[in-house]
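Reviewing the structure listed below.
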Protein chains: 2
Amino acid sequence: MTKKSTRLAKTSAEGGDHPSATRAEMPASNRAARALERRAAIVEAAMEEFIARGFAATRLDDIAKRAGVAKGTIYLHFKDKESMFEELVRIVIVPVVARLTALPPPTGSVRDLIEAFAGNFLKEVIGTRRGDLVRLIVAEGPRFPAVADFYYREVVSRGIAAMRGLIELGIARGEIRQKDLARYPQILVAPAMIAVIWQSLFARHAPLDAQDMLRVHLDLIFGERRTT
Amino acid sequence: MTKKSTRLAKTSAEGGDHPSATRAEMPASNRAARALERRAAIVEAAMEEFIARGFAATRLDDIAKRAGVAKGTIYLHFKDKESMFEELVRIVIVPVVARLTALPPPTGSVRDLIEAFAGNFLKEVIGTRRGDLVRLIVAEGPRFPAVADFYYREVVSRGIAAMRGLIELGIARGEIRQKDLARYPQILVAPAMIAVIWQSLFARHAPLDAQDMLRVHLDLIFGERRTT
DNA sequence: TGACGATGACTGACTAGTCAGTCATAAATG
DNA sequence: CATTTATGACTGACTAGTCAGTCATCGTCA
């Protein structure tokens with residue numbers, strides 16, 4: 001009468017019951033480890049779906065399917081769709097911030113420092129899943145104040161502060177002319193943000209060489225690099 | 001039973017005479033005119049709702065209510081929700097482009113030209129409903145290729161071309177040093193775009209003086225303005 | 001060590017609710 | 001009165017969230 005046959009079919013059909021052979025899955029460590037793995041799978045899957053479809057249009061069924069988990073399982077890890085989305089942003093962003101905060105030793109010219117930063121950003125954000133996350137936050141931010149707040153606090157305000165510090169250093173060292181720039185570090189990062197958005201929206205129409213663009217922008221700020 | 005109180009304040013100044021005074025409402029011109037009004041009301045309402053909630057989360061019932069029409073009426077003007085959204089973007093953007101394309105006579109320095117442009121942009125886009133539209137397009141673009149295409153064709157590519165022209169002029173006239181800038185007009189507009197997004201997302205955390213920021217940015221490109 | 005009951009992670013059918021789109025009916029118009 | 005336009009109750013498809021039941025794993029004890 002009941003249709004519980006699914007799991008049975010799978011298990012019983014496999015005559016031999018070596019865990020490894022039967023379970024197409026993992027070395028099946030202990031429960032806790034498996035749970036963590038599953039949670040990670042859900043986060044990963046949810047990420048993809050939310051980026052591809054936005055919050056409202058994403059179905060939890062799809063996330064579950066992609067993560068290889070039953071829908072109910074999601075609710076063992078997250079309270080509901082909304083808080084799942086909010087946690088998601090935290091989960092994905094925190095390690096990135098952590099990595100970037102571990103800044104390289106301040107050696108060399110300010111331009112070199114910023115260039116290193118830009119190179120990182122290029123490699124790690126522009127054109128990657130993380131870049132899409134940024135677009136997603138721009139998209140959903142107004143409907144998720146908690147997300148916008150978090151993003152401002154953890155990423156934007158820190159980033160702005162760091163850039164301001166760099167700019168002031170550059171001014172002090174005479175590398176940067178324009179003193180007012182320190183008041184608007186946004187100007188420094190604007191082209192990078194534009195590059196992120198451009199890749200998501202217009203890359204197919206007109207590919208953008210983000211690296212070259214950022215170089216030109218830095219030339220604008222520091223003066224043309226002399227190949228002397 | 002019905003609450004027809006909605007379309008009151010509109011155009012009651014029309015030559016109303018014959019209809020009984022009972023209709024405190026519109027003397028209403030002819031059918032075609034009313035239809036256009038309604039269509040406009042729907043577009044306006046849809047705009048608000050889509051901006052506030054995004055495409056997927058917007059309910060047609062809400063649009064209808066806000067526009068003061070029945071839901072069925074929407075379907076007299078638009079095929080379905082999706083094409084409504086796409087048409088909407090066109091309807092709202094076309095006049096803006098038209099207005100901006102009617103550029104002022106190229107008098108004065110390039111910097112003055114661009115400053116006039118920026119001033120316009122500031123007044124007409126940043127911090128207005130139209131700014132939100134830009135954010136909406138960024139948000140929904142990936143899910144609406146038609147919208148992204150249209151926006152690229154009508155706004156982005158034209159804007160980029162126009163900016164490139166201005167930059168080249170500035171280089172020719174010796175106002176702009178950095179020749180490579182002509183290859184990336186995006187750099188010129190990046191801070192303006194950032195300002196649009198900033199106002200939507202972070203204004204409540206840290207208000208941004210967009211005008212001043214744009215001035216600083218232009219100083220960066222043209223050199224500090226001499227108070228001549 | 002091996003057997004066995006307790007545990008709780010996991011499942012997916014199900015409920016309750018939502019909303020795009022339809023259409024029979026009503027109002028307005030000419 | 002015939003025709004065009006508007007209405008909003010209704011339908012059917014879809015989905016967030018639930019929960020009774022299952023079973024792999026774990027702790028315990030002979």
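Chain naming here is simple, since letters A, B, ... match the order of the sequence lines and numbering starts at 1 in each.
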Can you tell me which residue pairs pass the ring-ring contact (aromatic ring centres under 6.0 Å, His included) test with a partner in residues 47-72 of chain B, sequence neighbours excluded?
B:F50-B:F55, B:F50-B:F85, B:F55-B:F85, B:F55-B:F144
How close or far is atom P of D:dT18 from atom CZ of A:F78, stated in whole angstroms?
15 Å
After noting the C-alpha distance and the side-chain angles of B:E140 and B:R143, does the key distance pass the salt bridge (charged side-chain N to carboxylate O under 4.0 Å, His left out) rule?
CA-CA 5 Å; B:E140 306 287 356; B:R143 252 153 292 137; 3.0 Å; yes
Using the side-chain heavy atoms of B:R59, tell me which of these nucleotides is nearest: C:dG12, D:dG8, C:dA20.
C:dA20
Taking side chain as C-beta onward, heavy atoms only, is B:V189 less than 4.5 Å from B:F121?
no
Between D:dT7, C:dG21, C:dC10, spot the one nearest the side chain of B:L60, thanks.
C:dG21
Side chains of A:Y75 and A:D80 only: does a donor on one sit below 3.5 Å from an acceptor on the other?
no
What is the distance, to the nearest angstrom, from the CG atom on A:D80 to the P atom on C:dA16?
20 Å
Heavy atoms only, 4.0 Å cut-off, all strands: where does A:L76 land among base, sugar-phosphate and nothing?
base
Measure the distance from CD1 on A:I74 to P on D:dT18 and round it to the nearest whole Å.
13 Å
Euclidean distance, atom CD of residue A:E49 to atom P of D:dA16 [Å, nearest integer]:
11 Å
D:dT15 C1' sits how many Å from A:K65 NZ, rounded?
14 Å
With DNA chain D as reference, determine whether A:T58 or A:G72 sits nearer its 5' end, using the nearest nucleotide of each.
A:T58
Output the single nucleotide from C:dT11, C:dG21, D:dG17 whose closest atom is nearest the side chain of A:K71.
D:dG17
Within the pair B:R53 and C:dC19, is there a side-chain N or O less than 4.0 Å away from OP1 or OP2?
no
Taking CG from A:D61 and C1' from D:dT18, how many angstroms apart are they, rounded to a whole number?
13 Å
d(CZ, B:R38; C1', D:dT5) in whole Å
9 Å
So, A:R215 and A:D212, do they make that salt bridge, N to O below 4.0 Å?
yes
Separation of D:dC14 C1' from A:K81 NZ (nearest whole Å):
12 Å
